[in-house]
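Down below is the structure, laid out as structure tokens.
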Amino acid sequence: MQTINTAKSLSEQCRQWHKEGLTIALVPTMGYYHAGHASLMDKARTLADKVVVSLFVNPTQFGPNEDYASYPRDIDRDTKIAAEHGADLLFAPEPSELYAPNASTWVEVPEMGSLLCGVTRPIHFRGVCTVCTKLFMLTQADYAVFGNKDWQQQAILRRMVRDLFYPVQIVGVPIVRAEDGLALSSRNVYLTEEERRQAPEIFRGLDYARQLVSQGETKASVLRDAVLRRWAAKLPLGRLDYLQVIDSENLTQLDQITVPASMACAVQMGKARLIDNIRLN
Ligand code: PAF
């Protein structure tokens, strides 16, 4: 596996691969790898001739009071994991490589980006769309692989790619969970022992809603109340950001489950803001 730090070298290498008739799968990441990231790389390996993993903690998707500075980083360990999971190229640039000092162009999907996480993180998805656009441009990837845990991110990127005719196919990969159900996340390292003990209740609550739907419940308010009651008893350290029943594709809130629907949430547990989602039907 080669490691590249400059946008120019990345673009040249990918152009060369395309010239040779090879396909490229891109795995955009912010590093600090766990089994969820490994599953994205494994999926990418099955899709294309060459796998490019980007490792970049993207400053523009963090708000001023968020954890950009303290976001966990371990490039040596990440380099090893990416190589073990079949990456051909690791792209690990400095922020100045992707953002010129006077960079002033943004890509945004404003409506979808203002829902759910966008309420408390108003600039987040603009940063994600902009950095993913840069990565798509530099690699001209045929596929880009994202985890289903960040469902809103993936739905927004699908819309961006559709609306702007980006020649890349977005591929989603199922959430990887710890044995007790907690969705793997680099931010789980922020959890104290007691927070970590309670955190699987986030998934258990969502899964309870899914079970109610399989038994015939279709009213969003009933599902939401059932989960909130459960969390009040079993997740006392969790502070609810949002819990919504949504249209899985366009992310709008539903009253009744009449279309493909998901339940999505964000819960603050101490220093960690945890998100999760489940397909309900
Ligand atoms: O999901 C992430 O890790 C980031 O949002 C992404 C897609 C790498 C963009 O910085």
Side-chain angles (χ1 to χ4, degrees), residues 7 10 24-41 43-44 51-63 66-75 77-78 81-82 85 87 89-99 103 106-109 112-113 115-118 120-139 141 143-161 166 168-176 183-190 251 264 266 272-277:
L10 174 67
I24 297 173
L26 168 72
V27 184
T29 78
M30 297 206 302
Y32 212 68
Y33 295 148
H34 50 65
H37 295 105
S39 76
L40 305 183
M41 298 174 202
K43 178 66 185 180
V51 173
V52 174
V53 174
S54 65
L55 194 176
F56 180 62
V57 184
N58 174 35
T60 65
Q61 67 189 71
F62 289 79
E66 295 182 7
D67 57 345
Y68 173 67
S70 60
Y71 194 84
R73 292 161 168 91
D74 189 342
I75 179 122
R77 186 173 157 273
D78 286 348
I81 293 173
H85 286 270
L89 190 164
L90 184 72
F91 177 54
E94 289 298 318
S96 57
E97 192 60 32
L98 287 187
Y99 294 98
W106 299 100
V107 184
E108 141 166 75
V109 184
M112 292 172 85
L115 305 170
L116 304 170
C117 288
T120 48
R121 308 189 73 192
I123 61 160
H124 175 66
F125 293 108
R126 183 185 77 162
V128 170
C129 287
T130 302
V131 80
C132 286
T133 293
K134 292 173 193 252
L135 295 169
F136 295 168
M137 290 288 181
L138 290 169
T139 59
Y143 304 93
V145 184
F146 295 90
N148 290 351
K149 183 169 83 69
D150 298 290
W151 184 258
Q152 181 175 14
Q153 166 173 282
Q154 196 184 126
I156 288 172
L157 291 170
R158 283 182 192 280
R159 180 64 61 88
M160 174 184 89
V161 160
Y166 290 14
V168 63
Q169 187 181 322
I170 303 288
V171 177
V173 171
I175 299 174
V176 178
L184 297 191
S185 161
S186 304
R187 289 188 168 103
N188 290 352
V189 294
Y190 297 153
L251 307 177
R273 183 174 179 281
L274 304 180
I275 58 170
D276 203 345
N277 69 86

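Computed over heavy atoms, backbone and side chain alike; hydrogens, waters and symmetry mates excluded. Atoms within each ligand, like the ligands themselves, are counted from 1 in listed order.
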Atoms of ligand 1, numbered as shown, that sit under 4.0 Å from any heavy atom of [X]:
X      : result
Thr29  : 8 (C)
Val131 : 9 (C), 10 (O)
Gln61  : 4 (C), 5 (O), 9 (C), 10 (O)
Pro28  : 8 (C)
Phe146 : 7 (C)

Practice problem: Write out the residue and atom name of the closest protein heavy atom to atom 3 (O) of ligand 1, then the distance separating them to 0.1 Å. | Solution: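 It is Met30 CG, 3.6 Å.
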Quiz prompt | Distance from atom 7 (C) of ligand 1 to nearest protein heavy atom, with residue and atom | solution =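 Answer for atom 7 (C) of ligand 1: Gln153 NE2, 3.5 Å.
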Quiz prompt | Trace of the side chain to side chain contact (heavy atoms under 4.5 Å, CB included) decision for Trp151 with Leu251 | solution = CA-CA 9 Å; Trp151 184 258; Leu251 307 177; 3.9 Å; yes
Self-check item: Nearest atoms (heavy-atom pairs only) where Val168 meets Ala144
Solution: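 In this case the closest contact between Val168 and Ala144 is CG2-N, 3.7 Å.
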Look only at the side chain of [X] and the backbone of [Y], and say whether a donor-acceptor pair between them is shorter than 3.5 Å.
X      : Y      : result
Arg158 : Ile170 : yes
Asn58  : Met30  : no
Lys149 : Ala183 : no

Quiz item: Once the angle between the rings of Phe136 and Tyr166 is folded into 0 to 90°, is it parallel (under 30°), tilted (30 to 60°) or perpendicular (over 60°)?
Solution: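 Perpendicular.
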